[in-house]
Trainee: 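The structure's right below; bear with me while I get my questions together.
Remember, it's a predicted structure, so these values are computed and weren't measured experimentally.
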Number of protein chains: 2
Amino acid sequence: MERSGGRGGQPRVATREVVLAAVRLFTESGFDDTTMDQIATATGVSRRSLFRRFGSKEDILFAEHDELFSTVVRYLEASPDEPLTSVFAAARLVLQGYLRDPEITVPRYRLVRAHPRLRDREVAMTARYQAAFSSYLSRCGDGGGREGRSLAAGVAAASLISAHNHVLRGWLRRPEQDSREVWAGFDEAMDFVRRAAEPMLHAERGPRRDHVLVAVYPGDTGREELLRRIGAAVQASEGS
Amino acid sequence: MERSGGRGGQPRVATREVVLAAVRLFTESGFDDTTMDQIATATGVSRRSLFRRFGSKEDILFAEHDELFSTVVRYLEASPDEPLTSVFAAARLVLQGYLRDPEITVPRYRLVRAHPRLRDREVAMTARYQAAFSSYLSRCGDGGGREGRSLAAGVAAASLISAHNHVLRGWLRRPEQDSREVWAGFDEAMDFVRRAAEPMLHAERGPRRDHVLVAVYPGDTGREELLRRIGAAVQASEGS
DNA sequence: CCCTATTCTGGCACCGAATGCCACAAGAAG
DNA sequence: CTTCTTGTGGCATTCGGTGCCAGAATAGGG
């Protein structure tokens, strides 16, 4: 009675088939010069159904990307509150999603680069990721007040997305390169972000500054006593 | 003979007038339910001329923003190579551009929040800023190789934009608040970004660690002499 | 003064994306 | 078989966006 019926939710023609056909047509004839009618006749799906299933001509290109996005969001929602770790894993998922089928992502990248309108669409996608990551980080941040935490979370998410996109673009430009290199670059970039983001997410108020310790003791203080006292002072300073 | 003629480049109706009228119509009737014909009759500019001057219905909303963007880009191009300082100043310009006329930016913000399509358009604008900032930082960065510098520049630009937008959104939600508070928040946010971005732009490899200085001098060393020597030592350590 | 080049402008026709409405097909549950 | 649900296609319509052409207004040259 509920959540069933019909042909079972399976569309007559698979989404992936439509996307592939559309990508091919766009690449051959250009995005603007390809009409929905052409896609309809090429795929055997009526023009009307195309609009119903994908929403718009642009959305056909990004249909699979949308699925990836919701996967990542679900992943984040189910993640324990280990801020950076979970978010890095999520970014890994995204990159994986791209590397998985170059058949779509690579020609799409070429189209996106050529067409400003599609570029905006792509940018909007990354913004959605950024918002999701930022919200997650803000949710399970630990330091600072609402305001500072939100700022830190936003900046951290922006950094992460930027680094991810940096690696991603590197691959998209030369998709033939060994994927191990890509992942190595990814790990490197994530380390870079971690070093920058870790302190700001945990800082009470701003990141730690360098410390200068000036200790004055009587000249006859024993060496061990001196080290012990200095060690204690440093530890106290780090704990603040 | 060149660059003149016609009515002198001055449109019959000022751009700002058109934008204000459009904003009003959009706010009253909704963005989708406002047709270009309505804007045409409301402003006295023909439908055809509207498309010629603004490109699209969305672009009417962001016309002044586009001017601001090119201003900022010109500013950056003319700036000396003082990476972070110039970029912070540029961000200041942007925020200033928003605060300058709330008459447009505030209702536009409300529209953008309600309408996903306009949101994407707004996001695309900030992406353009981010790209400009990133390119500038990458141009006049000093540490690391091409690759690392590009990554660092991208992350720094993303952080800056994110922090800027954080402050901007705060104001847009409550535009009635004292602008001095906004600027205070901006300075705070910029400091936050500076602390995060400074080390990564100048780092040869990895961020600076905390330093611990242990100085031992004869007990009868004069206070000024002591300060001078310690200061010199710290400075030398920072230069590394 | 007239002529011309340049530029903003408006009207018209046209294409195509996108939506609403309606009818139909096909499998699932009763 | 009936009914409900869901994917589907056709049709008409709206409206954003563009190409084309003609008119208006202004600056400069003869």
Trainee: Pair B:Met125, B:Leu68 - check side chain to side chain contact (heavy atoms under 4.5 Å, CB included), show working.
Mentor: CA-CA 11 Å; B:Met125 282 301 309; B:Leu68 177 59; over 6 Å; no

Trainee: Taking the side chain of B:Phe51 as its heavy atoms from C-beta onward, which of D:dT8, D:dG16, C:dG10 lies nearest to it?
Mentor: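 My answer, after comparing the listed nucleotides, is D:dG16.
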
Trainee: How would you label the contact of B:Arg52 with the nucleic acid (heavy atoms, under 4.0 Å): base, sugar-phosphate, or nothing?
Mentor: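 Answer is base: heavy atoms of B:Arg52 come under 4.0 Å of a base.
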
Trainee: Counting distance alone, no hydrogens or angles: does the base of C:dA26 have a donor or acceptor under 3.5 Å from a partner atom on the side chain of A:Arg12?
Mentor: no

Trainee: What heavy-atom pair brings A:Pro80 and A:Ser86 nearest, and what distance separates the two atoms?
Mentor: O-OG, 3.4 Å

Trainee: Can a salt bridge be assigned to the pair A:Asp32 and A:Arg117 using a cut-off of 4.0 Å between side-chain N and carboxylate O?
Mentor: no

Trainee: Return the value, rounded to whole Å, for the distance between atom CZ of A:Arg53 and atom P of C:dA18.
Mentor: 16 Å

Trainee: Of the nucleotides D:dG17, D:dT8, D:dG9, which one has an atom closest to the side chain of A:Arg117?
Mentor: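 Selected nucleotide (nearest to the side chain): D:dG17.
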
Trainee: Out of C:dA17, D:dG17, C:dG10, which has the shortest distance to the side chain of A:Met36?
Mentor: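 Minimum distance to the A:Met36 side chain belongs to C:dA17.
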
Trainee: What is the distance, to the nearest angstrom, from the NZ atom on B:Lys57 to the C1' atom on D:dT18?
Mentor: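 In whole Å, D:dT18 C1' lies 17 Å from B:Lys57 NZ.
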
Trainee: Over how many whole Å does the gap from B:Arg48 atom CZ to D:dA24 atom C1' extend?
Mentor: 17 Å

Trainee: Could you tell me how far apart A:Glu58 (CD) and C:dA18 (C1') are, to the nearest whole angstrom?
Mentor: 12 Å

Trainee: Give the rounded distance in Å between these two atoms: CG of A:Leu50 and C1' of C:dT19.
Mentor: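 It works out to 15 Å between those atoms.
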
Trainee: From CZ of A:Phe54 over to C1' of C:dT19, roughly how many Å is that when rounded to an integer?
Mentor: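 My rounded result for the distance is 18 Å.
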
Trainee: Any chance the rings of B:His164 and B:Tyr129 have centres within less than 6.0 Å?
Mentor: no

Trainee: Does A:Thr35 have a side-chain nitrogen or oxygen under 4.0 Å from the phosphate oxygens OP1 or OP2 of C:dG16?
Mentor: no

Trainee: Can you work out whether A:Arg47 or B:Arg47 has the more 5'-proximal nearest nucleotide on DNA chain C?
Mentor: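 Closer to the 5' end of DNA chain C: B:Arg47.
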
Trainee: Is the closest basic N to carboxylate O distance between A:Glu122 and A:Arg113 below 4.0 Å?
Mentor: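 Salt bridge absent between A:Glu122 and A:Arg113.
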
Trainee: Write down the distance between CD (B:Gln38) and P (D:dC15), rounded to a whole number of angstrom.
Mentor: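 It works out to 8 Å between those atoms.
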
Trainee: Just the rounded figure in Å: distance from C1' of D:dC15 to CG of B:Asp33.
Mentor: 12 Å

Trainee: Nearest to the side chain of A:Pro11, which nucleotide is it out of C:dG10, D:dG17, D:dT8?
Mentor: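 Of all the options, the side chain of A:Pro11 is nearest to D:dT8.
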
Trainee: Any idea which of C:dG10, D:dG17, D:dT8 is nearest the B:Ser46 side chain?
Mentor: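 Closest nucleotide to the B:Ser46 side chain: C:dG10.
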
